[in-house]
Amino acid sequence: MDDFYRDYILDHYRNPRNFGRLEAPTVTAEDLNPLCGDRIRMDLLVDADGIVRDVRFSGKGCAISQASASMLTQSVIGKSLEEVAKLRKEAVLENVGIGISPTRMKCAMLGLRVLKSAAIGSLAAWPDEE
Amino acid sequence: MDDFYRDYILDHYRNPRNFGRLEAPTVTAEDLNPLCGDRIRMDLLVDADGIVRDVRFSGKGCAISQASASMLTQSVIGKSLEEVAKLRKEAVLENVGIGISPTRMKCAMLGLRVLKSAAIGSLAAWPDEE
Amino acid sequence: MSTLHFSERQTRQSRTALEIRNDFPIFERPTARGKRLVYLDSAATSQKPNCVIETLDTYYREYNANIHRGVYEIAALATERFEAARASVARFVNCAPGELVWTKNTTEAINLVAYAWGDANLRAKDVILLTEMEHHSNLVPWQLLARRTGAVLRFIPVDPRGVLVLDDLDRLLDGCKILSLAHVGNTLGTISPLERIIPRAHAAGALVVVDGAQAAPHLSVDVAALGCDFYAFSAHKMLGPTGIGALYGRRALLESMPPFLSGGDMIRTVEYEHATFNDPPWKFEAGTSNVADAIAFGTAIAYLTDVGLAWVREHEKRITRYALQRLAELEPRGLVVYGPKDPERMGGVISFNLADAHAHDVASILDTDGVCIRAGHHCTMPLMQRMGWIATARASFYLYTTEDDVDALAAGLEKAARIFKV
Amino acid sequence: MSTLHFSERQTRQSRTALEIRNDFPIFERPTARGKRLVYLDSAATSQKPNCVIETLDTYYREYNANIHRGVYEIAALATERFEAARASVARFVNCAPGELVWTKNTTEAINLVAYAWGDANLRAKDVILLTEMEHHSNLVPWQLLARRTGAVLRFIPVDPRGVLVLDDLDRLLDGCKILSLAHVGNTLGTISPLERIIPRAHAAGALVVVDGAQAAPHLSVDVAALGCDFYAFSAHKMLGPTGIGALYGRRALLESMPPFLSGGDMIRTVEYEHATFNDPPWKFEAGTSNVADAIAFGTAIAYLTDVGLAWVREHEKRITRYALQRLAELEPRGLVVYGPKDPERMGGVISFNLADAHAHDVASILDTDGVCIRAGHHCTMPLMQRMGWIATARASFYLYTTEDDVDALAAGLEKAARIFKV
Ligand SMILES: Cc1ncc(COP(=O)(O)O)c(C=O)c1O
Ligand SMILES: Cc1ncc(COP(=O)(O)O)c(C=O)c1O
């Protein structure tokens with residue numbers, strides 16, 4: 001677990017990429033981790049072909065949820081909504097690059113859940129419970 | 001406990017004394033053992049000096065509750081309401097003459113509780129919990 | 001001939017039940033009077049196998065922690081085992097874990113439906129349909145609901161053997177919003193023909209709540225196949241600990257219902273004036289859960305599954321058949337057996353009376369020989385009154401009951417007959 | 001100098017806490033990573049002494065039976081122990097056994113009052129007064145009651161240290177029918193000055209419900225001296241098992257209130273259309289009780305009484321003082337402690353944050369060294385928002401907590417500071 005707090009994770013935590021809000025998002029979703037109350041919101045700009053052109057996330061949370069969300073936004077631009085809706089938890093786990101304990105899985109998956117909810121247009125299941 | 005089912009107990013069970021109802025009772029009380037649903041009603045005829053002149057009990061129940069009530073009625077005539085209100089569980093236990101297990105104490109005390117309720121004019125405490 | 005037949009069967013079957021008894025430590029101890037414990041009150045509560053007791057022990061010694069919110073090791077383990085137990089119990093009745101709400105017992109499960117679904121959905125004059133043989137726990141909550149909403153109660157009648165009379169069912173279902181009935185009756189053991197009743201109730205637009213307190217321990221229950229909307233049961237009657245039970249609810253219903261008990265753990269967000277709620281089943285689980293007992297319930301289910309519900313049912317039918325025969329032998333002494341008297345149509349529960357002896361006295365006499373039976377109204381006062389019984393004695397069986405136990409019952413009843421000179 | 005002073009005290013005091021630890025088997029095992037278990041989450045749930053675990057074991061092995069209605073030996077024994085446990089718990093908070101209702105936890109106890117007393121007594125515009133620091137379990141039930149009845153909620157404010165501001169109390173009490181507040185807050189540990197609040201609430205005509213979940217385990221509670229109308233608490237936070245709690249209610253109130261959960265065991269008579277109810281406390285206990293856990297709760301109370309609540313309180317004050325000092329040493333690394341920071345005015349609960357590290361991450365790092373703390377909103381979301389905190393880390397203490405545990409916390413926080421480079 002100490003592992004998790006690698007420099008690049010802390011870097012994403014303190015300097016989240018694509019952080020903030022879009023002025024005119026095509027879709028937006030927001031959710032919280034009911035266990036700790038941490039919230040994330042995702043704004044997507046989607047073009048006529050259903051391709052994600054821009055993304056911003058906002059919210060407050062732990063290093064794991066913030067860094068996971070931050071890294072996730074980096075990989076999403078250029079994907080279709082269908083592709084986003086089908087993203088699996090492995091996508092996040094590969095990004096973060098190291099093991100996540102079961103108790104923190106919901107933190108790691110919060111950004112993905114919100115992103116998928118935005119793509120699907122309704123509340124997505126927790127990616128660790130699929 | 002086998003002890004309990006002596007002949008005179010069974011005799012009171014099958015041939016309860018003072019069983020039935022008074023035509024014009026001065027006071028009446030009725031109650032049930034919430035554990036088993038057995039009910040007893042007591043009718044008292046009380047004279048102007050507050051002395052019990054006649055008594056009847058009715059209801060259905062186990063040998064212990066019926067015999068206890070039956071024997072109790074035999075000892076009550078001639079007593080004042082104050083005396084009846086002050087009767088203690090020992091009065092019943094002496095009547096029945098042998099040990100009663102804790103689980104059956106409420107059965108043995110049902111008649112006494114109803115009798116005391118009649119004398120007091122409101123619900124009496126369970127004599128085994130005083 | 002028939003005696004020989006029985007003793008042969010007894011050997012074959014008792015051996016298995018005897019093996020099972022070895023898993024139940026309570027049978028190792030004699031009573032205070034030095035008698036063998038003959039436990040014939042499993043319909044009230046069952047005894048517990050070693051594995052269930054040890055699960056509690058291990059939980060408290062090794063990983064006791066509050067669940068769901070802890071990030072540390074033992075909290076993670078407790079959470080995992082707690083949710084795994086939910087999944088086991090859900091599988092046992094064939095529903096999804098998200099449809100299985102922990103309650104403290106069957107009674108609370110039924111109250112949950114009456115309050116949460118009932119208050120939100122019933123209007124004055126709506127009909128709540130019950131049967132004449134319900135346990136107080138499946139009657140009083142509906143009486144109170146009727147009083148709160150102005151709904152009215154109706155009852156499916158029982159015949160003198162305690163069998164439901166369905167002739168008028170469609171008329172009774174007219175205007176009915178909810179039907180709640182026992183899967184197996186606890187006084188007479190009658191099995192309700194749910195497969196015939198539930199489709200008719202649904203056709204009439206009524207939801208169906210099944211009180212499974214006496215069924216889940218003994219029959220293989222499949223809520224999906226039954227098609228019921230709710231199903232309630234208690235761990236303590238099925239080898240599990242006291243203090244935990246479960247309510248199956250159809251997912252869509254659980255989602256649409258408002259919460260019942262509220263507080264910590266069942267929320268999603270809380271502000272001073274307003275709260276939003278978690279998804280089912282957690283939405284209905286307020287405050288710290290009964291973690292230890294839920295996990296031990298999971299162990300009980302594993303044990304039952306391992307023995308196999310089919311074996312349990314067959315064993316109980318054999319014991320019931322044998323008991324009916326032994327009790328019939330006492331008919332000349334005034335023994336009367338109530339109920340369907342057909343092991344195929346009843347659970348392992350037999351109510352009876354001995355001549356004019358009161359059931360309480362009979363039970364006390366049996367107790368002196370270590371034979372535990374129940375006496376009274378069995379929380380079915382209206383049924384007793386309907387049948388004209390003051391009280392009945394009740395013997396009930398489970399997977400650890402042997403024919404020896406039944407013989408001890410018969411011997412005790414003979415003794416009672418001698419004492420009462422009948 | 002001051003270090004010397006502390007290590008002296010540590011020796012004296014730790015010896016006793018160390019003796020106590022020997023009674024708690026969970027401390028015998030190392031964590032999966034081979035670390036000593038440093039359990040600083042007793043406000044979430046306490047660990048259990050051997051005697052409590054053994055009580056459960058003995059119950060299930062020797063005298064498990066359904067209570068109140070059984071005439072046989074083990075049923076009598078179970079009933080006797082069950083009611084004796086009630087008497088012990090009642091004595092512990094200084095009320096009569098007849099005023100002590102078993103519930104499954106504090107949350108259910110508060111819901112019982114909100115439903116049974118609340119629905120029968122509140123009208124539109126009546127005021128329900130709470131405080132800004134309540135646990136969700138003492139907030140959401142009142143929100144739902146307000147929605148059912150049209151009553152309105154008001155809140156006694158807290159200052160930035162988490163101390164109740166009573167300046168406006170009389171105005172807040174105007175029109176108030178019921179005041180419900182924590183005796184000790186679970187996030188900041190603030191002790192409410194009940195002796196000043198309750199008389200004023202009563203003078204204003206309001207009933208007072210006290211949420212004692214964090215107080216009953218740690219302070220000597222006397223409901224008669226407090227004069228409160230209801231007092232709710234949970235066994236699992238005070239050395240007892242999960243699944244059992246209690247509600248003290250003034251006798252006259254319990255008698256006048258309608259029942260809440262209904263079903264078997266809480267009735268006096270039942271007919272098809274109507275029921276009458278048993279006397280309190282049984283009137284509020286529907287269905288099979290959590291017999292085993294109630295009896296084990298009695299054992300926990302006996303253990304606590306034997307140690308002595310005065311000792312527990314003094315011990316926790318010492319540990320809290322020491323922890324506040326050790327945490328203060330970390331202020332240069334950005335550690336911030338919230339709450340009153342005065343051991344005399346708080347229970348053994350400390351909330352804090354470490355620089356910009358999120359409490360969850362801090363807790364995860366501590367977990368790797370076997371140190372168990374809680375992180376998040378602690379079921380007080382509105383308080384968190386009011387204070388502007390996303391989450392806090394919380395360490396909480398009990399009679400088995402040692403200064404070594406606090407040292408492990410401090411060491412873990414230093415490690416977290418290193419990892420987070422603060
Ligand atoms: C102050 C306070 N109130 C209420 C509760 C709820 O207690 P329980 O979860 O045992 O119902 C808790 C504990 O979680 C608490 O700390
Ligand atoms: C048919 C039936 N329903 C409901 C109950 C109530 O179960 P519990 O007491 O576990 O809530 C029982 C058992 O007492 C029962 O036999």
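Hydrogens, waters and symmetry mates play no part in the numbers below; they use all other heavy atoms, side chains included. Protein chains get the first letters and strands the later ones, always in sequence-line order, with residue 1 at the start of each.
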Heavy-atom pairs under 4.5 Å with chain D are the metric here; pick the option from C:Tyr115, C:Phe27, C:Tyr63 that has the most.
C:Tyr115

With chain C, the option among D:Gln143, D:Met381, D:His136 that has the most non-hydrogen atom pairs under 4.5 Å is D:Gln143

Shorter than 4.5 Å, heavy atoms on both sides: which option in D:Pro241, D:Gly370, D:Gly376, D:Pro258 has the most such pairs with chain C?
D:Pro241

Per-residue contact mode, C:Leu77 against chain D (heavy atom under 4.5 angstrom)
neither

Pair count under 4.5 Å, heavy atoms only, with chain C: among D:Asn138, D:Leu112, D:Ile74, highest is D:Ile74

Choice from D:Ala275, D:Pro25, D:Ala146, D:Cys372 maximising heavy atom contacts with chain C below 4.5 Å
D:Cys372

Engaged part of C:Asp57 at the chain D interface, taking heavy atoms whose separation is under 4.5 Å
both

Checked C:Glu273, C:His378, C:Glu108, C:Met266 vs chain D; the most non-hydrogen pairs under 4.5 Å come from C:Glu273

To the closest 0.5 Å, what do you measure between OH (D:Tyr59) and CD1 (C:Ile26)?
8.0 Å

The test is side chain to side chain contact (heavy atoms under 4.5 Å, CB included); show your working for D:Arg374 and C:Asn66 and say whether it passes.
CA-CA 10 Å; D:Arg374 188 131 299 228; C:Asn66 212 322; 4.1 Å; yes

Does C:Asn105 reach the main-chain N or O of D:Ser289 with its side chain, forming a donor-acceptor pair under 3.5 Å?
no

Who pairs with C:His360 by side-chain hydrogen bond (donor to acceptor under 3.5 Å, both in side chains), at least two apart in sequence or on another chain?
none

Any side-chain heavy-atom pair of D:Pro259 and C:Leu144 under 4.5 Å:
yes

Identify which part of D:Leu153 has an atom lying under 4.5 Å from any heavy atom of chain C, answering side chain, backbone, both or neither.
both

So which atom in C:Phe277 and which in D:Val140 form the shortest heavy-atom distance, rounded to 0.1 Å?
CE2-CG1, 3.9 Å

Under 4.5 Å from a heavy atom of chain D, the part of C:Thr380 involved:
neither

Any idea which of D:Lys104, D:Glu73, D:Glu54, D:Glu271 has the most non-hydrogen atom pairs under 4.5 angstrom with chain C?
D:Glu73

Test side chain to side chain contact (heavy atoms under 4.5 Å, CB included) on C:Tyr272 and D:Leu130 and set out the steps.
CA-CA 10 Å; C:Tyr272 283 119; D:Leu130 308 169; over 6 Å; no

So which part of C:Leu261 gets closer than 4.5 Å to some heavy atom of chain D, the side chain, the backbone, both or neither?
both

So what's closer than 4.5 Å to chain C heavy atoms on D:Phe155: side chain, backbone, both or neither?
side chain

Looking at D:Thr242 and C:Ala292, would you say the former's side chain and the latter's main chain have a donor-acceptor pair under 3.5 Å?
yes

Name the option with the most non-hydrogen atom pairs under 4.5 Å to chain D; the candidates are C:His135, C:Glu132, C:Lys237.
C:Glu132

Please report the shortest heavy-atom distance between C:Gly287 and D:Ser137, naming the atom on each side.
CA-OG, 4.5 Å

Just give me the residue among C:Thr45, C:Thr269, C:Asn111 that pairs up with chain D most often, heavy atom to heavy atom, under 4.5 Å.
C:Asn111

Are any side-chain N or O atoms of D:Asn290 and backbone N or O atoms of C:Ile244, one a donor and one an acceptor, separated by less than 3.5 Å?
no

Compare every heavy atom of D:Val71 with every heavy atom of C:Ala363, then report the nearest pair and how far apart it is.
CB-CG2, 3.2 Å

Among C:Arg148, C:Arg29, C:Arg147, C:Met384, which residue has the highest count of heavy-atom pairs closer than 4.5 Å to chain D?
C:Arg29

Which atoms of C:Arg61 are under 4.5 Å from chain D, going by heavy atoms: the side chain, the backbone, both sets, or neither?
both

For chain D, which of C:Gln385, C:His377, C:Glu28 has the most heavy-atom pairs under 4.5 Å?
C:His377

What closest approach, in Å, do C:Cys379 and D:Gly264 show between heavy atoms, and which atom pair accounts for it?
SG-CA, 4.1 Å

Structural part of D:Leu37 lying under 4.5 Å from a heavy atom of chain C
side chain

Counting heavy-atom pairs under 4.5 Å with chain C, the top scorer among D:Thr106, D:Thr31, D:Ile110 is D:Thr31

Taking every non-hydrogen atom, the tightest pair across D:Gly263 and C:Thr107:
CA-CG2, 4.1 Å

Check the orientation of D:Tyr39 and C:Tyr72. Use parallel for under 30°, tilted for 30 to 60°, and perpendicular for over 60°.
perpendicular

